[in-house]
Structure formats: structure tokens, C-alpha cells
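Everything below concerns the one structure shown next.
All figures in this text were calculated on a predicted structure; none of them were measured in a lab. Indexing begins at 1, ligand by ligand and atom by atom, following the structure's order. Residue numbers start at 1 and run along the sequence shown.
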Amino acid sequence: MTSVDAIVIGAGVIGSSVALELARGARSVLCVDKGPAAGAGSTSASSSIIRYSYSTRDAVLTAWESAACWRDWAGHLGVEDPDGMARFIGAGYLNLCTTGYDGTVVMALWDELGIPYEWYDEAQLHERYPGFDIGRFYPPKRIDDPDFAADPDGELTAFYNGDSGYIDDPMLAAHNLAHAARHHGAEFRFRQTVVEIGRRGGHVTGVRLASGEELDAPVVVNVGGPHSAIINDMAGVAGEMRIGHRPLRQEVYAVPAPAGFGLDDGGPIVADLDLGQYFRPQPGGTLLVGGTEPECDVLEWIDNPDDFLDVPTVDHWETSMLRLARRLPEFGVPPRPVGLAALYDASDDWVPIYDGSSLAGYYMACGTSGNQFKNAPLAGQFIRALIDAADDGVDHDRDPVQFAGPLTGRSINLGAFSRRRDPAVTSGTVMG
Ligand SMILES: Cc1cc2nc3c(=O)[nH]c(=O)nc-3n(C[C@H](O)[C@H](O)[C@H](O)COP(=O)(O)OP(=O)(O)OC[C@H]3O[C@@H](n4cnc5c(N)ncnc54)[C@H](O)[C@@H]3O)c2cc1C
């Protein structure tokens with residue numbers, strides 16, 4: 001029987017990061033994934049935006065610390081991947097301020113943590129981005145709402161951070177992490193599905209694969225992305241979660257960027273909760289456009305993450321395109337949808353769960369809520385810190401582990417990501 005120190009279920013960007021950090025900690029690691037390659041799950045569909053605009057201090061600090069790893073990717077990995085390296089593209093991040101999302105919480109946290117930004121009043125926003133209609137249309141509406149085309153009732157302000165960006169190839173980023181993990185001795189097995197979590201005397205003992213093979217380990221980490229609730233069920237820990245998490249279908253489109261918003265024009269990443277969308281430039285003169293779960297939109301919760309429509313629908317597409325055309329009047333709506341549909345593993349409060357469990361040796365990095373690609377570098381280190389602390393006899397549920405950010409030296413309370421936390425006060429959307 002195969003026996004290792006730790007089994008990681010899932011080789012997405014976070015699972016591969018967990019494998020790397022555990023291997024760096026001199027553990028023998030086996031990462032098992034039912035898909036064909038590292039990052040082929042929800043990671044491959046990620047918009048991979050790196051921003052720091054979260055509602056809680058620990059979330060902002062985690063993103064800020066992780067960004068330093070993305071900016072020095074080769075340094076973070078410690079090894080060059082011969083298949084190529086993912087790149088951080090510094091596009092900057094513009095957050096439009098509107099009713100219920102006026103930026104005061106985020107800017108107060110950025111002030112506290114020393115994250116630089118500029119604030120634009122209506123005139124400055126218009127001057128810097130003349131291609132915008134800066135009208136305030138809040139609340140977002142469906143296109144069959146008679147008020148969809150109503151006149152704005154004011155104008156928007158915004159804040160801007162120039163250190164934000166995105167990763168040009170999210171799947172390659174996972175591949176890079178897996179390559180680095182292998183460099184430290186980790187093994188990866190693909191097209192292998194975990195169907196059972198072994199348990200004995202309150203301790204995890206390993207996993208059983210669909211092939212019938214049993215893999216032995218005193219540590220098992222669930223990084224199954226949209227499948228992670230199913231895996232927590234297998235481990236018998238679902239009942240102890242105070243924070244639920246489940247798959248949520250999302251569509252993302254690629255459309256031609258109007259002048260001023262493409263990558264070559266210096267177009268920023270834009271969070272537009274006034275209309276319920278985000279968009280970012282990408283190479284080739286296009287914009288990626290995704291949603292921010294406005295109240296008027298029906299959320300598509302998915303029961304079986306192996307069975308959902310993975311292409312855009314005309315209904316969502318039309319809504320998104322007409323919203324975009326309100327903000328960018330020069331935008332010409334393309335004749336047909338180009339894009340994808342994929343799954344978030346959305347938690348109740350849109351904050352991830354990085355935690356252990358009452359099953360000794362069983363850990364989870366899940367509930368990543370469409371906003372944790374950026375935090376993969378630290379998520380791996382968090383899981384390692386939790387395992388190390390448990391090995392040292394720390395009861396994280398009672399005495400939450402504090403993680404010292406390598407960049408700032410500031411402390412991140414890992415209790416903020418506990419499965420047993422009180423739900424965090426957040427935007428209640430993918431913005432976190
Ligand atoms: C459309 C979209 C846009 C996003 N945009 C952003 C963004 O702009 N910025 C940001 O920070 N985040 C974003 N995210 C979120 C981010 O991409 C995810 O949080 C992250 O990729 C999750 O990585 P993961 O490793 O946890 O999961 P995944 O990449 O889903 O990997 C999970 C893996 O587990 C494997 N698996 C599942 N069950 C089993 C099993 N039983 N046995 C073996 N293997 C199993 C799967 O095959 C899969 O490869 C977005 C997500 C989506 C879907």
C-alpha cells in the first residue's frame with residue numbers, strides 16, 4: 001500500500017500550492033486529482049484578478065501578502081518551470097463607488113495597512129476615463145425591468161490602486177506550483193478519483209480511489225474546489241461546519257474592448273457594483289466580463305458539480321452586455337456569446353474556509369467563493385501552518401493560529417477562515 005505523510009485531494013491552484021508548501025516542509029506528499037492536469041478544474045476558468053478590496057482586515061492582508069508572491073513568481077516558486085511561467089500583468093484596479101458599496105470599509109483597511117490608492121471625485125473620474133458613462137444606476141436591474149434604461153440619479157466616484165493586476169494564464173500558474181512541488185519531492189497522480197476518506201479512532205487514515213486502491217496518510221487535505229462539500233461529506237465532517245459552501249454557476253465573457261479600456265490603452269480592472277459586474281482587459285484587445293451577484297439576478301446553485309451547463313446562455317449574456325453598454329457607451333455588443341461557464345465553491349459569507357476539523361489529520365481549503373485564486377500562495381502556507389500547529393499540540397478551534405505575513409510581518413488570524421466562525425460581515429458577493 002502507498003503510504004505518505006500527506007495526501008492532497010485536488011491539484012488546482014490552491015491544491016498545488018498546498019502540495020508545494022507541505023513538500024517544502026519536508027513531508028512526503030501525494031496529490032491526487034480526478035482531472036487530466038494541474039489547474040484543469042475551476043482554476044482554468046478563473047479571471048485571476050489580483051486585488052485587495054475585501055471587507056475584512058485578514059482578507060485584505062492575505063491578498064496583499066499573496067500579491068508579493070505573484071509579483072516575484074520565480075522567487076516564490078524557487079524553480080523555473082520549463083513549460084513556461086505565469087505572469088503578473090499590472091493593469092491597476094478601479095473600484096466604482098455606489099450605494100451600499102461606497103468603498104469606506106476598504107479604504108479604511110487600506111489606510112491601516114498602508115496599501116496605496118487614489119480617490120476620484122465625479123469630475124476626476126470623468127476626466128481620467130472619458131469612455132465611461134459615470135451615471136449612478138443603482139440598484140442593478142434585469143433587462144426586462146421597465147427601469148433598466150432609466151436615467152441615472154447621480155454620478156459615481158471611485159478609488160484606484162495601481163498595484164493590482166491579474167495572472168495571464170491561471171492554469172499555467174497551477175502547473176508552475178505543481179512543478180515546484182515535484183521539485184521538492186511531491187508526487188501528482190491524475191485521473192484518479194477519491195471516493196472514500198479512511199477514518200479510524202477519530203483520526204484520518206488516508207483515502208480510497210475509485211480504482212479500489214487505498215492510499216495511506218495521517219494527513220489528508222480537501223482542496224476539491226466545487227467538489228469539496230462532497231469530500232467533506234465523505235470525511236463525516238459536514239455536520240460540524242457553521243459555514244456552508246456549495247457550487248454556484250457563473251458565466252464569464254470575452255468581448256472586444258472599446259477604446260481606452262484595452263490592455264494597450266492602459267485600461268484598468270473595473271469593479272462596477274452599481275451595475276453588478278466586473279471587467280478586466282486582456283491581451284488581444286478584449287475584455288473579460290463577469291458578474292457580482294446583484295440581488296435582482298437569480299443565483300444558479302448547482303447540486304451536482306459534475307453536471308452543469310458549461311457554456312454561456314443567451315439570457316445571461318444579453319443582460320451582461322446591456323449592462324456593460326450602459327457603462328461603456330462605445331461598446332458594441334457582439335452578435336453571439338463568447339465565453340464560458342464554471343463553478344465557484346461559494347461559502348455563506350463569501351470568505352474561504354482554511355481549517356482543520358474534528359477528524360484529526362483532516363484539513364480543508366474550500367469555500368473559495370470565486371475570489372481566492374489570488375490567495376493561493378498564502379493558502380498553501382496557511383494549511384501548512386495549521387498542520388504544524390496541530391503537530392505541536394495547538395487546538396486551533398480554541399486558540400486560533402496567528403500567521404505572520406512574510407512581507408509585512410503583520411499577523412493574520414487564521415481563525416477568520418475557520419469552518420466554525422460567525423459569518424463575516426462582507427459585501428455578500430464575490431468581492432468578499
Ligand atoms: C469563473 C471564475 C472566475 C474567477 N475569478 C477569480 C478572480 O478574478 N480572482 C480570484 O482571486 N479568484 C477567482 N476565482 C476563484 C478561483 O479561481 C478559485 O478560488 C480557485 O481557482 C480554486 O482553486 P482550487 O485549487 O481550490 O480548486 P479547483 O481549481 O477547482 O481544483 C479542484 C480540483 O479537485 C479535483 N477533485 C475534485 N473532487 C475530486 C475527487 N473526489 N478526487 C480527486 N480529485 C478531485 C478536481 O478535478 C479539481 O482539479 C474565479 C473562479 C471562477 C470559477
Original post:
Around ligand 1, what residues show up once you keep those with a heavy atom under 4.0 Å from it?
Top reply: Ile9, Gly10, Gly12, Val13, Ile14, Gly15, Val32, Asp33, Lys34, Gly35, Gly41, Ser42, Thr43, Ala45, Ser46, Ser47, Ser48, Ile49, Gln192, Thr193, Val194, Val223, Gly224, Gly225, Pro226, His227, Ile231, Val252, Ala342, Leu343, Tyr344, Thr368, Gly370, Asn371, Gln372, Phe373, Lys374
**OP:** Begin from the C-alpha positions of Leu30 and Val8 and carry the test side chain to side chain contact (heavy atoms under 4.5 Å, CB included) through to its verdict.
**Re:** CA-CA 6 Å; Leu30 175 57; Val8 179; over 6 Å; no
Subject >> Geometric class of the Phe279/Phe261 ring pair [parallel <30°, tilted 30-60°, perpendicular >60°] >> reply: perpendicular
**OP:** Determine which pairs satisfy salt bridge (charged side-chain N to carboxylate O under 4.0 Å, His left out) with at least one residue from residues 203-218, sequence neighbours left out, and list them in order.
**Re:** Arg189-Glu213, Glu196-Arg208
**OP:** Examine Trp70 together with Phe373 and report whether their ring centres are nearer than 6.0 Å.
**Re:** yes
**OP:** Evaluate the ring planes of Phe159 and Tyr93, with Trp represented by its six-membered ring, and classify them as parallel (under 30°), tilted (30 to 60°) or perpendicular (over 60°).
**Re:** perpendicular
Original post:
Pro247 and Pro226: which non-hydrogen atoms are nearest, and at how many Å?
Top reply: CG-O, 3.4 Å
